[in-house]
Amino acid sequence: MQMLPLLVRQIYFVGVQSLIIIMVSGLFIGMVLGLQGYTILVDYGSEQAVGQMVALSLVRELAPVVAALLFAGRAGSALTAEIGLMKATEQLASLEMIGVDPLRRIIAPRFWAGFISLPLLAAVFAVVGVWGGAMVGIEWLGIYEGAFWANMQNSVDFSEDVLNGSIKAMVFGFVVTWVAVFQGYDCVPTSEGISQATTRTVVYSSLAVLGLDFVLTALMFGDL
Amino acid sequence: MRTRVIEVSVGAFLLVGALALLMLALNVSGLKLADQPQTYKLYARFENIGGLTARSKVTMSGVLIGKVSSISLDPQTLMARVEMDIHENVDFLSTDSSASILTAGLLGEQYIGVTVGAEEEVLKNGDYIEDTQSALVLEELVGKFLFNSVSE
């Protein structure tokens with residue numbers, strides 16, 4: 001329980017401070033999806049399906065993946081740089097010297113903060129994106145509102161889509177923060193080493209997210 | 001003071017996240033908080049199921065009464081065997097009911113439409129709907145049309 005204040009502090013840094021970028025990009029991605037979906041679907045006279053398209057692509061794929069990529073760039077790199085600098089300035093060694101385990105005191109709260117924050121950020125991303133898509137579709141392009149929401153609610157399934165999307169976000173949160181804290185803790189304690197570790201965090205976690213996304217999608221939706 | 005700001009904003013963040021999940025559940029996926037309705041199983045054999053898949057709708061007079069749970073090939077009759085979960089409260093399907101595979105709209109999804117017959121006895125869990133009508137396959141339709149116009 002004594003770790004709770006540390007955890008709260010870290011959730012503030014990786015979660016709360018990522019909220020703005022997540023919401024803004026969610027809004028724009030939802031709006032673009034609505035616009036692109038409309039221009040394609042209107043050719044087939046089925047522009048009511050825009051809601052379904054926006055919601056399904058956001059909930060299943062885009063929200064967890066794009067949120068994780070932004071999270072890796074926004075929070076993962078900061079975690080690596082912070083821990084790396086602690087190592088370079090021998091703060092980690094001094095903690096150990098006074099009998100405090102740096103894994104418990106420094107690494108664990110940061111790891112759990114990322115693991116908790118990303119699923120919430122992905123959910124916020126999806127909601128804001130759906131709202132953006134609805135705004136473009138209904139207000140601007142004039143899709144009939146009732147059909148827009150009804151199609152969406154008919155096609156999006158809670159356990160198939162929303163829960164699977166949340167599971168994806170949890171896995172990505174685990175992987176991204178894991179990579180970030182490991183790269184920080186394992187970096188060469190020089191200024192060059194820290195810069196390389198920060199780059200590696202973004203590259204490795206982005207690749208891991210995209211690769212894992214394919215595997216998870218194949219497992220979750222492959223037999224549908 | 002600074003700690004307090006952090007604590008409050010983290011609490012607000014967790015609330016916003018939980019709220020977003022709730023919105024996804026209720027508004028986007030249209031989740032009903034009521035229990036899933038109890039169901040019983042019915043089967044039907046079709047010559048051709050067209051584009052029917054698991055999770056397709058089963059309707060009567062356009063009202064949803066169940067869904068397709070699985071589709072397999074019956075090795076004896078060489079027909080498609082469709083397993084349906086029908087809501088428990090729909091317990092008035094007579095034994096001579098018929099099931100046909102219909103299409104929503106011109107290019108829409110395919111679903112099963114059930115029509116009740118005249119028998120007194122009703123279908124029970126595990127029974128077969130004997131009277132079935134297959135999906136309309138456009139190629140076959142065009143083929144028949146061409147064949148007819150040639151023979152004339």
Residue [X] versus chain B: region with a heavy atom under 4.5 Å:
X	result
A:S117	both
A:L56	neither
A:V8	both
A:V124	both
A:I11	both

Counting only heavy atoms not in [X], do more than 12 fall under 6.0 Å of its [atom1]?
X	atom1	result
A:M23	CE	no
B:Q133	CD	no
B:F92	CZ	yes
A:Q91	CD	yes
B:Y128	OH	yes
B:L73	CG	yes
B:E88	CD	yes

Taking the side chain as everything from C-beta on, heavy atoms only, tell me whether B:I6 gets closer than 4.5 Å to A:R9.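 Yes, side chains in contact.
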To check you understand the geometry: which heavy-atom pair defines the closest contact between B:S9 and A:V16, and what is its length? O-CG2, 3.7 Å
Of the non-hydrogen atoms in A:V127 and B:A20, which two are nearest, and what is the gap between them? CG2-O, 3.3 Å
Within residues 12-19 of chain B, the residues sitting under 4.5 Å from chain A by heavy atom, in sequence order, are B:F13, B:L14, B:V16, B:G17, B:A18
Could you tell me the separation between the CG atom of B:N27 and the CH2 atom of A:W149, rounded to the nearest 0.5 Å? 6.5 Å
Would you please test A:Q153 and B:V28 for side chain to side chain contact (heavy atoms under 4.5 Å, CB included) and show each step? CA-CA 5 Å; A:Q153 294 180 354; B:V28 177; over 6 Å; no
Sequence neighbours excluded, every pair satisfying ring pair (Phe, Tyr, Trp, His ring centres under 6.0 Å) that has a member inside residues 118-145 of chain A: none
Out of A:A126, A:G15, A:A55, which one racks up the most heavy-atom pairs below 4.5 Å with chain B? A:G15
